[in-house]
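To find a chain, count down the sequence lines: A is the first, B the second, and so on, and within it residues start at 1.
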2 protein chains.
Amino acid sequence: MTKAFCNPHRLEIMDLLAQGEKTVEVIAAEISASVANASQHLQVLKQAHLVTTRKQAHHIYYDLANADVFNTWYTLRSLSIRQMPQVKEVIRDFRHERDSLEAVSVDELYQRLHSDEVVLLDVRPTEEYQRGHIPHAISIPLEQWDSLLATLPRHKQIIAYCRGPFCVYSDEAVVQLKRKGYHAVRLEEGFPDWKKRGLPVAR
Amino acid sequence: MTKAFCNPHRLEIMDLLAQGEKTVEVIAAEISASVANASQHLQVLKQAHLVTTRKQAHHIYYDLANADVFNTWYTLRSLSIRQMPQVKEVIRDFRHERDSLEAVSVDELYQRLHSDEVVLLDVRPTEEYQRGHIPHAISIPLEQWDSLLATLPRHKQIIAYCRGPFCVYSDEAVVQLKRKGYHAVRLEEGFPDWKKRGLPVAR
DNA sequence: CAATTGTTCTATGAATCTGTTGAATAATTG
DNA sequence: CAATTATTCAACAGATTCATAGAACAATTG
């Protein structure tokens, strides 16, 4: 079973499926691999009982098998962040390069969630937002940034979140917002982390 | 980091180190590998920051890096037992083959620990017993079975425990005890599992 | 029922991982 | 300071894993 966890693409797939079920085609596109290749990796995960499939019309939806699998993957990811200096460095260097060093933790966000001084942005694809999001978050998917970013209130702090610590959507959002003069920061973790803590989820 | 978890020998090493630090030589013997081979695997684990080393006189002691690593390894092992039908089957078949189907859980043991009707045996090597054991347990290491098993009270139930669900020491103890007419069962899990639950540990 | 679409399979060569062997390296002990 | 001991290194061959390309398959839709 550990062998199934042993490949970068497969880890990326699990990270992705933590947002909800997806088809082979979508997964392949997200991890920048061919459909055949993505399919092969999914077969490995399936044989390790880490993912399940659901057929609907023309598509096969893959999803994490259950909450146990999610928690194990999460534990593994947390350990790598805490234990491996390299991982921390990569994240830090990437952020630094983009002038978006500041990051708010889930705890901080939870405290400020009901404050009127904060606007919370969900910058994941619409579909993932609809499947569940942090309460009061506004959905601003990638494709609509240009039109929607301008509509945000100037005087409030903006917090952007996305899939998790390894996802760059919110980093990119923060960079763009800062360029336009907003006071923006990213949420250090992502939606799955929020959900895992048992914090309220809106739909 | 997940690659370090990816090899049967290395998993066995982590299972072993969960009992406490050990030298390369001892580890090699326990996993039935050459010293050079064991050393190589330990290097992999070390580079993944999963184990640490301590030098003392002629020996180098390897140990799990910290409680986080232990917990992650434990989570991974638990998932495999719950998720993979093969793992459960192997355990069940092995026990069945040896007429030692019965097994007591940590919870059951905890409740019965103070009862006068139960004798608790730690069948791990003496050294591991000394490093920490379940309260009231008697140390009966492999080498001393022949002489010590006969000294046990006939009318009490005997519970044997060892390193964990994949360790066969307690299975063998149960078989031998049953042969001699005792009412013996094994603890389903092992000492690390007991410790992880935060239950009291004696020294 | 034929066409289309989405997914899986098969074969291939390149890359990586493993265990073995024997030598090299430390560091302690006599 | 030489001998011994414990551990690591280096080089090799065999096994496994990987991505690619193209064919095969299954199931829905027109």
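For the pair His41(B) and dG19(C), the criterion of a side-chain N or O lying under 4.0 Å from OP1 or OP2 is met. Contact annotation: Gln43(B) reaches the phosphate of dT8(D) (side-chain N/O to OP1 or OP2, under 4.0 Å).
Residue-level contact check: Val35(A) touches the bases, meaning some heavy atom is under 4.0 Å from a base atom. As judged by a 4.0 angstrom heavy-atom cut-off over every strand, Tyr61(A) is placed among residues making no nucleic acid contact. If you check every strand for non-hydrogen atoms under 4.0 Å, His59(B) touches sugar and phosphate atoms only.
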Step by step, would you call Gln19(A) with Arg124(A) a side-chain hydrogen bond (donor to acceptor under 3.5 Å, both in side chains)?
CA-CA 9 Å; Gln19(A) 313 293 328; Arg124(A) 298 175 301 159; 2.8 Å; yes

Glu12(B) vs Asn7(B), test: side-chain hydrogen bond (donor to acceptor under 3.5 Å, both in side chains). Steps then yes/no.
CA-CA 9 Å; Glu12(B) 212 180 337; Asn7(B) 174 283; over 6 Å; no

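Residue Ile60(B) contributes atom CD1, which lies 9 Å from atom C1' of dA26(C) at whole-angstrom precision. dT18(C) atom C1' lies 15 Å from atom CG of Leu11(B), rounded to whole Å.
Two rings, from Phe70(A) and Trp73(A), have their centers less than 6.0 Å apart.
A parallel orientation is assigned to the rings of His133(B) and Tyr129(B), their planes being inclined by less than 30° (bins at 30° and 60°).
Nearest-nucleotide positions on DNA chain D place Arg10(A) closer to the 5' end than the other of Arg10(A) and Ala36(A). Residue order along DNA chain C, read from the 5' end via each residue's closest nucleotide, puts Leu42(A) first among Asn7(B) and Leu42(A).
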